[in-house]
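To start, the structure itself, in structure tokens.
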Number of protein chains: 2
Amino acid sequence: MALLSKSCVYGIRAAILMAIKGERDYLSIKDIAEELNLSAHFLTKILQQLTQEGLLLSHRGPKGGVKFSRPAREIKLIEIVAAIDGLELFEACALGLHGCGTATPCPLHEKWAKHTVLLRTLFETEDLEKLASNVGDAGLRLRTLSQLDILEFNKNKKK
Amino acid sequence: MALLSKSCVYGIRAAILMAIKGERDYLSIKDIAEELNLSAHFLTKILQQLTQEGLLLSHRGPKGGVKFSRPAREIKLIEIVAAIDGLELFEACALGLHGCGTATPCPLHEKWAKHTVLLRTLFETEDLEKLASNVGDAGLRLRTLSQLDILEFNKNKKK
DNA sequence: AGTATTGAGGACTCTTTTATCCTAAACTAA
DNA sequence: TTAGTTTAGGATAAAAGAGTCCTCAATACT
């Protein structure tokens, strides 16, 4: 199992790319999808969720697209996760037990509760501006690798 | 998204119950499933994975069932997770980026890498005997709640 | 006004996960 | 040896997640 759903990961990557591209103009979802090597249709669906949650503003027609409703500096990673995957990851019992809590804890409750605080803090601390600048500093790719890219990557790895 | 798949959670619950019940005799999967309020067929499939990984010994026929291949004290939570969900959770990039690593990190890489160490340590530290004794101490339920139980639970909550 | 562009949103398909059911094989006990 | 019990394992079904496609509404530009 991955920590986050694919939709959520795509949403995060798109948001980071948007933060890199600048916050002034509307960016077309099609362009974002192309840069990330994702299906534009699928990404549209995902970003719609962010728009509905009020994280993004959208605009139709030529010169349309999406942009942040607030400065990227103020948008925390957890907001994107909450909008797409929900907060279950940070709030639910690790063993999926209904009603697990301080009063009736599951055998893992205490340790896991401490851990979710850390996890949550991580996601509450990281904002899109910071993540975007990381990408610049490290010269990094957000792009989803195609099968061809993966072959290429593994070839270079061997050398 | 949950941290662990349902199969994995069921496997863990079953293992904890087995540790509570004692390690001497084979326990029938049907009995375990009944106590946990799970489908016996489904649980059988899951425990088969643990058997194939060598964590459990199984025995067919009357007086048959499953039991640990080693003392519960020596079986760590991470072994069950590894057998069912795999180690992706502890090893993969949080943004699902292929090839993310020290050399070419994703914007979250460093923070997330530190975090997975903690997460992994938690799962490597907890063993089934310890978890089982927690259940005894706290008077806890591992049982999956039925819809009826959930109604009951919420009713008591309101009071 | 007309046309091209872009997000919104519904319908649909494919895959994976979750769950059920059936038969076979191994085993116990009478 | 026969009957009953229990895991192994394949076939299948249901549900959720991932992804595609089509139409509509809003918009900009001519």
Side-chain angles (χ1 to χ4, degrees), chain A residues 1-14 18 25-34 36-69 81 83-86 88-89 96 144 146-147, chain B residues 1-14 18 25-34 36-69 81 83-86 88-89 96 144 146-147:
Chain A
M1 291 274 294
L3 188 76
L4 304 170
S5 71
K6 286 200 170 192
S7 293
C8 190
V9 159
Y10 295 164
I12 293 171
R13 288 195 218 165
M18 286 171 66
D25 297 328
Y26 284 101
L27 296 170
S28 98
I29 298 177
K30 185 163 154 279
D31 290 350
I32 299 171
E34 267 170 24
L36 295 177
N37 197 26
L38 296 177
S39 146
H41 284 293
F42 192 34
L43 186 60
T44 300
K45 284 259 157 71
I46 296 164
L47 296 188
Q48 270 172 28
Q49 297 182 65
L50 300 184
T51 304
Q52 282 158 6
E53 289 293 319
L55 269 71
L56 301 182
L57 298 174
S58 72
H59 197 72
R60 299 187 191 183
K63 307 246 171 169
V66 288
K67 67 175 181 181
F68 296 121
S69 61
V81 175
I84 299 174
D85 277 354
E88 184 194 349
L89 181 63
T144 301
S146 65
Q147 287 305 316
Chain B
M1 291 271 297
L3 189 76
L4 305 169
S5 72
K6 284 199 170 190
S7 294
C8 190
V9 159
Y10 295 164
I12 293 171
R13 288 194 217 165
M18 286 171 64
D25 298 327
Y26 284 102
L27 295 170
S28 97
I29 297 176
K30 186 163 154 280
D31 291 348
I32 299 171
E34 266 169 26
L36 296 178
N37 197 28
L38 297 176
S39 144
H41 284 291
F42 192 37
L43 187 60
T44 299
K45 285 257 153 75
I46 296 164
L47 296 188
Q48 270 172 28
Q49 296 182 65
L50 300 184
T51 304
Q52 282 159 5
E53 289 294 319
L55 270 70
L56 300 183
L57 298 174
S58 71
H59 197 72
R60 300 186 191 184
K63 308 243 169 173
V66 289
K67 66 176 181 180
F68 295 121
S69 61
V81 175
I84 299 174
D85 277 353
E88 184 195 349
L89 181 62
T144 300
S146 65
Q147 286 306 316

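Each chain gets a letter, A, B and so on, in the order the sequences are listed, and its residues count up from 1.
Using a 4.0 Å cut-off, no side-chain N or O of A:S39 falls inside it from OP1 or OP2 of D:dG19. Proximity of B:S58 to the phosphate of D:dT7: no side-chain N or O atom is located under 4.0 Å from OP1 or OP2. Put simply, A:Y26 has no side-chain N or O that comes within less than 4.0 Å of OP1 or OP2 on D:dT27. For the pair A:Y10 and D:dA18, the criterion of a side-chain N or O lying under 4.0 Å from OP1 or OP2 is not met.
Rounded to whole Å, atom P of D:dA16 lies 16 Å from atom CG of A:D85. Regarding B:M1, its CE atom lies at a distance of 10 Å from the P atom of C:dT18, rounded to whole Å. Computed from coordinates, the A:R60 CZ to D:dT23 P distance equals 17 Å when rounded to whole Å. Remark: C1' of D:dT6 and CD1 of B:I32 are 12 Å apart, rounded to the nearest angstrom. Rounded to whole Å, the distance from CG on B:L57 to C1' on C:dC27 is 16 Å. Rounded to whole angstrom, the span from the CZ atom of B:F42 across to the C1' atom of D:dA14 amounts to 12 Å. One can place CD1 of A:I29 at 17 Å from P of D:dC21, the figure rounded to the nearest angstrom.
Distance from the side chain of B:P62 is smallest to D:dT5 among D:dT5, D:dT6, C:dA4. Comparing C:dG7, D:dT20, D:dA18 by their nearest atom to the side chain of A:K6 picks out D:dA18. Counting only heavy atoms from C-beta on, B:H59 has its side chain closest to C:dT28 among D:dA28, D:dT6, C:dT28. You'll find that the side chain of B:S5 is closest to C:dT18, out of C:dT18, C:dC27, D:dA8.
Less than 4.0 Å separates DNA chain D from at least one heavy atom of each of the following residues of residues 44-54 of chain B: B:K45, B:Q48, B:T51, B:Q52.
Listed for the B:S5 side chain is no donor-acceptor partner under 3.5 Å among the backbone atoms of B:D85. Formation of a donor-acceptor pair under 3.5 Å by the A:S28 side chain with backbone atoms of A:G65 is not found in this model.
Taking 4.5 Å as the limit, every side-chain heavy atom of A:K45 sits out of range of all side-chain heavy atoms of A:H41. No side-chain heavy atom of B:I84 sits under 4.5 Å from any side-chain heavy atom of B:L4.
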Next on the checklist: Checking B:L3 against B:V9 for the side-chain contact (heavy atoms from CB on, under 4.5 Å) test, could you report, in this order, the C-alpha distance in whole Å, the side-chain angles of both residues, the deciding distance, and whether it holds?
Outcome noted: CA-CA 9 Å; B:L3 189 76; B:V9 159; over 6 Å; no

Next on the checklist: Let's go through A:L57 and A:T51 carefully: what are the C-alpha distance in whole Å and the side-chain angles of both, what is the deciding distance for side-chain contact (heavy atoms from CB on, under 4.5 Å) to 0.1 Å, and is it a yes or a no?
Outcome noted: CA-CA 6 Å; A:L57 298 174; A:T51 304; over 6 Å; no

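Ring planes of B:Y26 and B:H59: parallel class, angle under 30° (limits at 30 and 60°).
Nearest-nucleotide mapping onto DNA chain D: of A:G64 and A:H41, the residue sitting toward the 5' end is A:H41.
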